[in-house]
Amino acid sequence: YLMTDWTRVLSFDDDVDHPYGDEDEAALEAEVNGNWTPQEKALHEARLKAKAKRRVRKSSSRSESLSESLSGELADGDSYSPKGKGPVPNDRKSRTGKGRGLPKKGGAGGKGVWGAAGMVYEVEEPDVKDPNYDEVAQGDTVYATVVPELDERELEKTVNPIVQEYFEHGDTKEVQMLLKELNLGHHKYEFSSLAVSLSLEGKASHRELTSRLLRDLVGKVLSESDMARAFDKILKELPDLMLDTPEAPQMLGQFIARAIADHALPMAFLDRYKGKVDCDHARAALDRAAVLLSMKREMVRLDNVWGVGGGLRPVKHLVKEMNFLLKEYLVSGEVKEAERCLRDLEVPHFHHELVYEAVVMVLESKGDTAVKMMCKLLQAFWKIGLITVDQMNRGFQRVYDELPEINLDVPHAHSIMESFTDLCYQESVITKQLRDSCPSRGRKRFVSEGDGGLIKN
């Protein structure tokens, strides 16, 4: 019984080496088998089989470690990786146990790799089946930049920003460069019609710039036939344009006359419509153009058909227009007409010149009529905001600076200036600070000592 229990204990400890050999163990097993139950005997056999498997596994792992150590000593530069420490760094061996352990494609493959070192690529001959193959060029592949043609909707979206930007800088060469980069195709004439339609809704300076643009584009980007086709389209769309611009027929007639005078339209353009116009608005536009072209020879160019044209005109011309405006106001006394003329000049940065010329006219005038009328005009412009504080102060300050020179021609200039500034201050045209800065009469100087020190009259 004791022998049986000790054998059971040994059988539970599989890793402990038995003090008996294989023969003793077999004899012990034969002796004890007679006293075991069938369940104990089956359990004992299963444990013996598991122990045998573990012995085989240990022996195989020892042989593998020994072979790896030997191969590591023979190989140059190979690092040894202990068991359980993971893969060896920079090891190219397959993790699946397949392959020879060599780099893929000899080190010349992978993303962003040009190829193996020293590889020379030859010139590839063009393929006849290539759609870009050109037989005329003897096999040379030709690549060209193709700009798609703009349709009507894309043309309007592209042209509108170009025209609006041109109204700001006024450089026709830049517009020519932008149009040459576009593929207008058969809709080339629509650029002129869109530019004229936009200018009808704008200012007089915009219409002047549009007339200059049409003149410069003819012969470079557009032809006379394209320009005639554009004006034909505008004449057909004239009833729709009048919804936003009631004066469109008269303006279009001026456009046609200016284009013919600038040689942008053929002279026979008006002759084609004689007796063939059913629309009253189109007939009014053509009659307006015919009247302008029938004027004197000096006005054939029609340079001033759109008025002064804003700050693009010379300063001398603007000064002349403002003088004429003030003289016409002194005769007629119509403030509304003077306001309209000043707005048509489109030079808000130059309104100080109007203030300067008005004050100088007051100093050079005789009587109180001009003083009251000019004060009324400046007051009206001040109330509606047409002349700003800065422009008003700048105009009066210019007169203050030149008052000594003006006094040479107008002896009573100081007294007239003082009374005029007091009146303007009472009417809230100028500020108190500007009134107080008005220079007073010069100090009376004494005569020589030989005259007895009398004050000179």
Side-chain angles (χ1 to χ4, degrees), residues 203-205 208 247 250 254 288 291-292 295-296 298-299 302-311 313-388 391-400 402-403 405-430 434 438:
K203 304 176 182 179
S205 60
E208 174 66 25
E247 300 178 356
Q250 291 75 17
Q254 295 177 1
R288 175 66 173 171
V291 169
L292 292 175
M295 296 173 66
K296 293 182 180 181
E298 290 78 11
M299 298 296 294
L302 299 174
D303 290 337
N304 296 328
V305 69
W306 301 117
V308 177
R313 293 294 183 178
V315 177
K316 293 182 179 180
H317 190 83
L318 293 176
V319 173
K320 185 185 297 184
E321 289 291 331
M322 289 184 177
N323 279 326
F324 181 75
L325 183 155
L326 294 173
K327 290 179 181 179
E328 185 178 1
Y329 166 71
L330 291 176
V331 174
S332 62
E334 296 181 1
V335 179
K336 292 292 183 181
E337 182 65 19
E339 176 187 349
R340 186 190 64 82
C341 294
L342 184 60
R343 290 185 183 275
D344 290 342
L345 294 179
E346 298 181 11
V347 283
H349 61 281
F350 201 61
H351 285 174
H352 62 86
E353 179 66 26
L354 178 73
V355 178
Y356 171 80
E357 295 294 338
V359 176
V360 171
M361 284 187 180
V362 169
L363 297 179
E364 295 177 353
S365 63
K366 298 180 181 179
D368 298 336
T369 305
V371 175
K372 295 180 180 180
M373 292 185 67
M374 286 300 178
C375 183
K376 179 182 178 181
L377 181 66
L378 294 179
Q379 182 184 15
F381 288 167
W382 169 262
K383 287 183 178 181
I384 62 177
L386 187 58
I387 298 180
T388 61
Q391 296 294 318
M392 189 72 71
N393 294 342
R394 189 174 177 182
F396 272 89
Q397 192 63 43
R398 286 179 58 189
V399 179
Y400 292 167
E402 298 180 7
L403 198 57
E405 299 179 1
I406 297 175
N407 193 32
L408 299 177
D409 299 329
V410 183
H412 303 285
H414 283 89
S415 59
I416 298 175
M417 189 66 192
E418 290 178 358
S419 61
F420 183 69
T421 53
D422 290 337
L423 179 61
C424 291
Y425 174 71
Q426 293 175 4
E427 298 295 336
S428 301
V429 177
I430 61 176
L434 184 61
C438 177

Inset, instruction - Take Q391 and F396 through the side-chain contact (heavy atoms from CB on, under 4.5 Å) test and state the conclusion after the steps. - result: CA-CA 9 Å; Q391 296 294 318; F396 272 89; over 6 Å; no

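- Contact of the F324 side chain with the M322 side chain is not registered, since no non-hydrogen atoms from C-beta on lie closer than 4.5 Å.
- With hydrogens and angles disregarded, no donor-acceptor distance shorter than 3.5 Å links the side chain of W382 to the backbone of I387.
- R398 has its side chain within reach of E353: a pair of non-hydrogen atoms, C-beta onward, lies under 4.5 Å apart.
- Nearest heavy atom pair, residue L434 against residue Y400, reads O-OH, 3.1 Å.
- By the 4.5 Å heavy-atom criterion applied to side chains, F381 and M392 are not counted as neighbours.
- Rounding to the nearest 0.5 Å gives a distance of 11.0 Å between SG of C438 and CZ of F420.
- For the pair A413 and I406, the tightest heavy-atom approach, listed with the atom from each and the gap, is CB-CG2, 4.3 Å.
- With V399 as the fixed residue, the side chain to side chain contact (heavy atoms under 4.5 Å, CB included) test singles out one of V359, V355, T421: V359.
- For the pair H351 (side chain) and L386 (backbone), a donor-acceptor distance under 3.5 Å is present.
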Donor-acceptor pairs are to be reported for all side-chain atoms of residues 361-378 against protein atoms at under 3.5 Å, with residues two or more places apart or in another chain.
residue : atom : partner : partner atom : Å
S365    : OG   : M361    : O            : 3.3
S365    : OG   : V362    : O            : 2.8

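- Put simply, the side chain of L345 does not reach to within 4.5 Å of the side chain of F350, judged on heavy atoms.
- Counting heavy atoms from C-beta outward, Q397 and Y356 have side chains that stay 4.5 Å or more apart.
- Within the model, atoms CD of E334 and CD of E339 stand 12.5 Å from one another, a figure rounded to the nearest 0.5 Å.
- With values rounded to the nearest 0.5 angstrom, L342 atom CG is found 11.5 Å from E321 atom CD.
- How far SG of C424 is from CD of Q379: 9.0 Å, rounded to the nearest 0.5 Å.
- Summarising the geometry, atom OG1 belonging to T388 is positioned 10.0 Å from atom NE2 belonging to H352; distances are rounded to the nearest 0.5 Å.
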